[in-house]
**Student:** 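Have a look at the structure that comes next, please.
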Amino acid sequence: MDKKLQNNRRLLELLAKDFPNIDAASTEIINLRAILNLPKGTEHFLADLHGEYEAFTHIMKNASGRIRSKVEELFTGTLIDSEINDLCTLIYYPEQKLSIMKQGHKRQDAFYKATTLRLIQVLQVVSRKFTRSKVRKALPKGFAYVIEELLHESPEDYNKQGYFQAIIESIIDTGQADSFIIAMCNVIQRLSIDQLHILGDIFDRGPGAHIIMERLCQTPNFDIQWGNHDIVWMGAAAGNMSCIANVLRLSLRYGNMATLEDGYGINLLPLATFAMDTYSDDPCESFLPNLQQEDNQPDERTRRLMAQMHKAISIIQFKLECELIAKHPEWKMEHRRVMSGINKAMGTVILDGKEYPMTDTSLPTVNDENPEALSREERILMKRMQHSFLKSEKLQTHIRCLLSHGSMYGIYNSNLLFHASVLLNADGTLKEIELPGGTYSGKQMMEQIEELIRAGFNSELSARKRQQGVDYFWYLWCGSESPFFDKDKMTTFERHFIADKATHAERKGHYYDLRNDPVVCDRILDSFGVSGTQRHIINGHVPVRAGNGESPIRANGKLMVIDGGFSKPYHHTTGIAGYTLVYHSRGFELIQHEPFTSIKDAIRKGTDIVSSRHIVEMSGQRLRVGDTDMGRQLEKQIAELKELLYAYRHGIIKEQS
């Protein structure tokens, strides 16, 4: 052991800076061993948020309904339903709800005392599974001492009653009651979700992806497995013009310019001006927006302008994609150079060797001799749009957050997380694909792709390597051998210009047929090195049609698909409005959410998201921190501290005072 310690001397010397003597190292071992026996923290898994910031915000504030269940357990029988609703809403939206609640109470002191006592009880319940140290770190500095004292004392303790009441009365007398209540509510929210996992697709469709990103960037413990819609926004932020065109097109398709204009300051006036000039006499009927917001519907003139802008950017997108395909023959996407097959004079297009009549032949910017070429005006417009994306400070900040907290896949507590797919062959084996540097499959393929993604933002690389990463974002968005897409083609052009619906079909990869097979799931889990007796794949991407009886639990429980359709356009498909998968010390629960009305209704009327709980998998005994990845890390730390103790006791390293 002495020889081993000598080899590890440098590590032990670094450790000795934090634990300079036997007492300090022993105390830390005692502390870590105690933590190993605490119940595991609660993990929340969400997927496919698609800009629905109000529903996301509310779920974060109510911890997928877990706060309400704690409040009901505590106060059913002592508070009436309306009081329970008010207390829950106060915890979710303390600043807004507090002023409303105070108006209904003539005796302000009595209201403050009762509310403070109730919040202390709720906080005591949600903080039980954490060490005092962890709870202390979650407390606001200004009230940390006071909250900690109240948290670990009881008003029923005869010897401490006066002390307890004096603290609360002093908070009220000093005019700090409002601030104190708000601080308590925020701590309850924070401690109710120990770890947040986002399984991709924060962007597109809904109006507030930027609001979701702002909240996530301020969340203490979260990770992201990138989705295909995140990837196209990342490509746009890196300057990929094809990705920029796709981002603009999707925003116009769903009538959602809020994220672009209000969130990131992208100036759409150049596109609007170009579209009005170019398509002034064109009804652009197939490009009318798919509006999802029931209120604030635009007038007919605005809808017409959005359709013109939608058509303008779509034609530009198809041309830009032809350029990228020609630049990268290794992608094998020549068949998707859709513009090259257009014959304006005949009003036809050739796709996959077959000629089709076009439903729309108003193509003023398409050159007869070179249909793939951008016009001078289109090129200038896209340069301006590219500049806006590259110079948007908030967008670049949010993308840096996606990069720092994100990855292609994650492995947490025997759960393999990714957004969409692992590429498979027809027989269920891992499919190999060519990437820069070699041929890869499964885990190695994911890691190589992540390296390419990060290269697109790495200023230390050569211009050629960085551009290779920037270009690849578009392939990841719609390439057949992309684990984000995994279909034979993206038929955007066909849906707008060809009536034959057979051309609109997009054939999914083998993963989607085979993922219900437990043997295939085990093969994937093995290839990623996921261990444990209860291991799972968790992903989103494809909405689960719960309304049609489709189950999110597949492959005998080995696979959980948690895209429940947060996005409003999917509500009619899924029959619900999203899932949260919760993994706590007792096991897995799937929370199925009904559509959320609004934050305004939640504050004024006390409405909550109606959620139903479904037990997925329960453990025979309560899971402890020692059963988790964190526990395994703590065991390693204990082993290192034991080596340090040995080194102190045998004079290998000298103790410090």
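FYI, side chains are in, hydrogens and waters are out, and symmetry mates aren't considered; it's all heavy atoms of this structure.
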**Student:** Which pair of non-hydrogen atoms, one from Pro207 and one from Ala258, has the smallest distance, and what is that distance?
**Tutor:**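 Taking every non-hydrogen atom into account, O-CB, 3.6 Å.
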
**Student:** What is the minimum heavy-atom distance between Leu12 and Glu643, and which atoms define it?
**Tutor:**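 Taking Leu12 first and Glu643 second, the nearest heavy atoms are CD2-CB, 4.1 Å.
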
**Student:** Would you call Glu148 and Arg132 a salt bridge, taking side-chain N to carboxylate O under 4.0 Å as the test?
**Tutor:**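 Between Arg132 and Glu148 there is no salt bridge, as every charged N stays at least 4.0 Å from the carboxylate O atoms.
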
**Student:** Quick one: are the ring centres of His210 and His398 less than 6.0 Å apart?
**Tutor:**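 No, the ring of His210 stays outside the 6.0 Å limit from the ring of His398, centre to centre.
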
**Student:** Would you say CZ of Arg632 has more than 12 non-hydrogen atoms from neighbouring residues, nucleotides or ligands within 6.0 angstrom?
**Tutor:**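 Yes, CZ of Arg632 has more than 12 neighbouring heavy atoms, counting only those of other groups under 6.0 Å.
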
**Student:** Please check if the side chain of Glu450 supplies one atom and the backbone of Met408 the other of a donor-acceptor pair under 3.5 Å.
**Tutor:**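 Yes, Glu450 side chain to Met408 backbone: donor-acceptor pair under 3.5 Å.
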
**Student:** Begin from the C-alpha positions of Trp233 and Asp204 and carry the test side chain to side chain donor-acceptor pair (under 3.5 Å) through to its verdict.
**Tutor:** CA-CA 9 Å; Trp233 273 81; Asp204 288 330; 2.9 Å; yes

**Student:** Less than 4.5 Å apart, side chain to side chain, heavy atoms only: is that true for Arg400 and Ser404?
**Tutor:**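 They are not in contact (no side-chain heavy atoms under 4.5 Å apart), so the answer is no.
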
**Student:** Is there side-chain contact between Leu151 and Leu139, with at least one heavy-atom pair below 4.5 Å?
**Tutor:**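 Heavy-atom side-chain distance check fails, nothing below 4.5 Å.
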
**Student:** Using the side-chain hydrogen bond (donor to acceptor under 3.5 Å, both in side chains) rule, pick out the option among Asp201, Asp563, Asp230, Asn539 that qualifies with His419.
**Tutor:**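 That would be Asp201.
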
**Student:** Backbone N or O of Met60 within a donor-acceptor pair of the Ser64 side chain at under 3.5 Å?
**Tutor:**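 Flag not set: sc Ser64 to bb Met60 has no pair under 3.5 Å.
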
**Student:** Looking only at heavy atoms, what is the nearest atom pair of Thr259 and Gly208, with distance?
**Tutor:**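 Of all heavy-atom pairs spanning Thr259 and Gly208, the closest is OG1-N, 3.9 Å.
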
**Student:** Are any non-hydrogen side-chain atoms of Phe457 and Leu403 less than 4.5 angstrom apart?
**Tutor:**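 Phe457 reaches Leu403 side chain to side chain.
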
**Student:** Between Phe588 and Phe45, how do the two ring planes meet: parallel, tilted or perpendicular, split at 30° and 60°?
**Tutor:**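 Because their plane-to-plane angle lies in the 30° to 60° range, the rings of Phe588 and Phe45 count as tilted.
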
**Student:** Using side chain to side chain donor-acceptor pair (under 3.5 Å), reason through Ser414 and His536 one step at a time and then give a plain yes or no.
**Tutor:** CA-CA 7 Å; Ser414 299; His536 313 88; over 6 Å; no

**Student:** For the side chain of Thr628 and the backbone of Val625, is there at least one donor-acceptor N/O pair under 3.5 Å apart?
**Tutor:**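 Yes; judged by distance alone, with no hydrogens or angles, the pair exists.
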
**Student:** Is it the case that the side chain of Thr76 and the backbone of Glu73 share a donor-acceptor pair, with hydrogens and angles ignored and the cut-off at 3.5 Å?
**Tutor:**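 Here the side-chain-to-backbone pair does not exist.
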
**Student:** Assess whether side chain to side chain donor-acceptor pair (under 3.5 Å) is satisfied between Ser192 and Arg66, documenting all intermediate values.
**Tutor:** CA-CA 8 Å; Ser192 296; Arg66 293 190 65 77; over 6 Å; no

**Student:** When you compare the side chain of Gln124 with that of Arg128, does any pair of heavy atoms fall below 4.5 Å?
**Tutor:**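 A side-chain contact is absent here, since even the closest heavy-atom pair is not under 4.5 Å.
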
**Student:** When you look at CD1 of Ile615, are more than 12 heavy atoms from neighbouring residues, nucleotides or ligands closer to it than 6.0 Å?
**Tutor:**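 For Ile615, atom CD1 is not crowded (no more than 12 foreign heavy atoms under 6.0 Å).
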
**Student:** State, with a plain yes or no, whether a side-chain heavy atom of Phe389 is found less than 4.5 Å away from one of Leu260.
**Tutor:**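 Side chain of Phe389 against side chain of Leu260, heavy atoms only: contact under 4.5 Å found.
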
**Student:** Hey, could you give me the CG/CD1 distance between Leu559 and Ile537, rounded to the nearest 0.5 Å?
**Tutor:**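 Result: 6.0 Å between the selected atoms.
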
**Student:** Go through the steps to decide whether Thr115 and Leu98 satisfy the test side chain to side chain contact (heavy atoms under 4.5 Å, CB included), and finish with yes or no.
**Tutor:** CA-CA 10 Å; Thr115 302; Leu98 185 57; 5.6 Å; no

**Student:** Ignoring hydrogens and angles, tell me if any N or O in the side chain of Lys129 forms a donor-acceptor pair with the backbone of Pro39 under 3.5 Å.
**Tutor:**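 Not a single qualifying donor-acceptor pair exists.
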
**Student:** State whether Glu52 and Arg205 are salt-bridged, where the test is any N-O pair (Lys NZ or Arg NE/NH1/NH2 against Asp/Glu carboxylate O) under 4.0 Å.
**Tutor:**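 Looking at Arg205 together with Glu52, the answer is no, because their closest N to O distance does not fall below 4.0 Å.
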
**Student:** To the closest 0.5 Å, what do you measure between CD (Glu655) and OH (Tyr648)?
**Tutor:**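 So the gap between those two atoms works out to 6.5 Å.
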
**Student:** So, Gln176 and Asp178: side-chain donor and acceptor under 3.5 Å apart, yes or no?
**Tutor:**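 Per modelled atom types, Gln176 and Asp178 side chains form no pair under 3.5 Å.
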
**Student:** Are any non-hydrogen side-chain atoms of Ile411 and Phe418 less than 4.5 angstrom apart?
**Tutor:**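 Counting from C-beta outward, Ile411 and Phe418 never come under 4.5 Å.
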
**Student:** What closest approach, in Å, do Ala138 and Leu191 show between heavy atoms, and which atom pair accounts for it?
**Tutor:**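 That would be CB-CD2, 3.8 Å.
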
**Student:** Provide the closest heavy-atom pair for Ala24 versus Phe19 in the form atom of the first, atom of the second, distance.
**Tutor:**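 Heavy atoms of Ala24 and Phe19 come nearest at O-CD2, 3.7 Å.
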
**Student:** Give the minimum heavy-atom separation between His44 and Ala63, together with the two atoms involved.
**Tutor:**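 In this case the closest contact between His44 and Ala63 is CE1-O, 3.3 Å.
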
**Student:** Report the C-alpha distance between Asp601 and Ile603 in whole Å, list the side-chain angles of each, state the deciding distance to 0.1 Å, and finish with yes or no for side chain to side chain contact (heavy atoms under 4.5 Å, CB included).
**Tutor:** CA-CA 5 Å; Asp601 281 351; Ile603 295 166; over 6 Å; no

**Student:** At what distance, to the nearest 0.5 angstrom, does OG1 of Thr116 lie from CD1 of Ile168?
**Tutor:**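 The CD1 atom of Ile168 is 6.0 Å from OG1 of Thr116, to the nearest 0.5 Å.
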
**Student:** Any donor and acceptor pair, going by atom type alone, linking the side chain of Gln189 with main-chain N or O of Tyr92 inside 3.5 Å?
**Tutor:**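 Flag set: sc Gln189 to bb Tyr92 pair under 3.5 Å.
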
**Student:** Any heavy-atom pair between the side chains of Met184 and Ile181 that's under 4.5 Å?
**Tutor:**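 Side chain of Ile181 against side chain of Met184, heavy atoms only: no contact under 4.5 Å found.
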
**Student:** With no hydrogens and no angle check, do the side chains of Glu43 and His197 hold a donor and an acceptor under 3.5 Å apart?
**Tutor:**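 Yes, His197 and Glu43 have a side-chain donor paired with an acceptor closer than 3.5 Å.
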
**Student:** Under a 3.5 Å cutoff, is there a donor and acceptor pairing between the side chains of Gln656 and Asn21?
**Tutor:**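 No, no side-chain donor-acceptor contact under 3.5 Å.
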
**Student:** Look up atom CD1 in Ile193 and atom CG in Asn62, then write down how far apart they are to the nearest 0.5 Å.
**Tutor:**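 Result: 8.0 Å between the selected atoms.
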
**Student:** A cation-pi test, strictly: NZ or CZ of Lys40 under 6.0 Å from the centre of the six-membered ring of Tyr583 and no more than 45 degrees from its axis. Yes or no?
**Tutor:**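 Ring-cation test returns yes.
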
**Student:** Do any N or O atoms from the side chain of Gln534 and from the backbone of Met618 form a donor-acceptor pair under 3.5 angstrom?
**Tutor:**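 Side chain of Gln534 to backbone of Met618, a donor-acceptor pair under 3.5 Å: no, none is there.
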
**Student:** Is the count of non-hydrogen atoms from other residues, nucleotides or ligands lying under 6.0 Å from Met630 atom CE greater than 12?
**Tutor:**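 It does not: Met630 CE has 12 such atoms or fewer within range.
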
**Student:** Applying side chain to side chain contact (heavy atoms under 4.5 Å, CB included) to Leu250 and Asn256, what does each step give before you reach the verdict?
**Tutor:** CA-CA 8 Å; Leu250 284 165; Asn256 165 32; over 6 Å; no

**Student:** Kindly assign one of parallel, tilted or perpendicular to the pair Tyr93 and His58, based on the angle between their ring planes and the thresholds 30° and 60°.
**Tutor:**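 Ring orientation of Tyr93 relative to His58: parallel.
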
**Student:** So does Arg118 pair up with Asp86, basic N to acidic O under 4.0 Å?
**Tutor:**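 No, this pair does not count.
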
**Student:** Evaluate the criterion salt bridge (Lys or Arg N to Asp or Glu O under 4.0 Å) for residue pair Asp627 and Arg624; output intermediate values, then yes/no.
**Tutor:** CA-CA 5 Å; Asp627 302 313; Arg624 306 285 176 177; over 6 Å; no

**Student:** With rounding to the nearest 0.5 Å, note down the distance linking CZ in Arg190 to OG1 in Thr219.
**Tutor:**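 One gets 9.5 Å once the value is rounded to the nearest 0.5 Å.
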
**Student:** Under 3.5 Å, side chain of Asn415 to main-chain N/O of Tyr412, donor-acceptor pair present?
**Tutor:**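 Yes, Asn415 side chain to Tyr412 backbone: donor-acceptor pair under 3.5 Å.
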
**Student:** Start with the C-alpha distance between Leu32 and Leu641, add both sets of side-chain angles, then the distance that settles side chain to side chain contact (heavy atoms under 4.5 Å, CB included), and finish with yes or no.
**Tutor:** CA-CA 10 Å; Leu32 294 179; Leu641 286 164; 3.8 Å; yes

**Student:** Tell me if the CG atom of Asp81 is crowded by more than 12 foreign heavy atoms within 6.0 Å.
**Tutor:**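 Not buried by this count: 12 neighbours or fewer within 6.0 Å.
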
**Student:** Side chain to side chain donor-acceptor pair (under 3.5 Å), that's the test. Do Glu83 and Asn85 meet it? Break it down for me.
**Tutor:** CA-CA 5 Å; Glu83 290 175 319; Asn85 283 342; over 6 Å; no

**Student:** Between Phe222 and His405, how do the two ring planes meet: parallel, tilted or perpendicular, split at 30° and 60°?
**Tutor:**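 Taking His405 first and then Phe222, their aromatic rings lie parallel (interplane angle under 30°).
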
**Student:** Counting only N and O atoms by type, is there a donor-acceptor contact under 3.5 Å from the side chain of Thr57 to the main-chain atoms of Glu54?
**Tutor:**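 Answer holds: no.
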
**Student:** Treating Asn413 as the side-chain partner and Asp629 as the backbone partner, does any N or O pair qualify as donor plus acceptor under 3.5 Å?
**Tutor:**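 Side chain of Asn413 to backbone of Asp629, a donor-acceptor pair under 3.5 Å: yes, one is there.
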
**Student:** Taking C-beta and beyond as the side chain, do Arg586 and Ser619 meet within less than 4.5 Å on heavy atoms?
**Tutor:**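 Sidechains of Ser619 and Arg586: no contact.
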
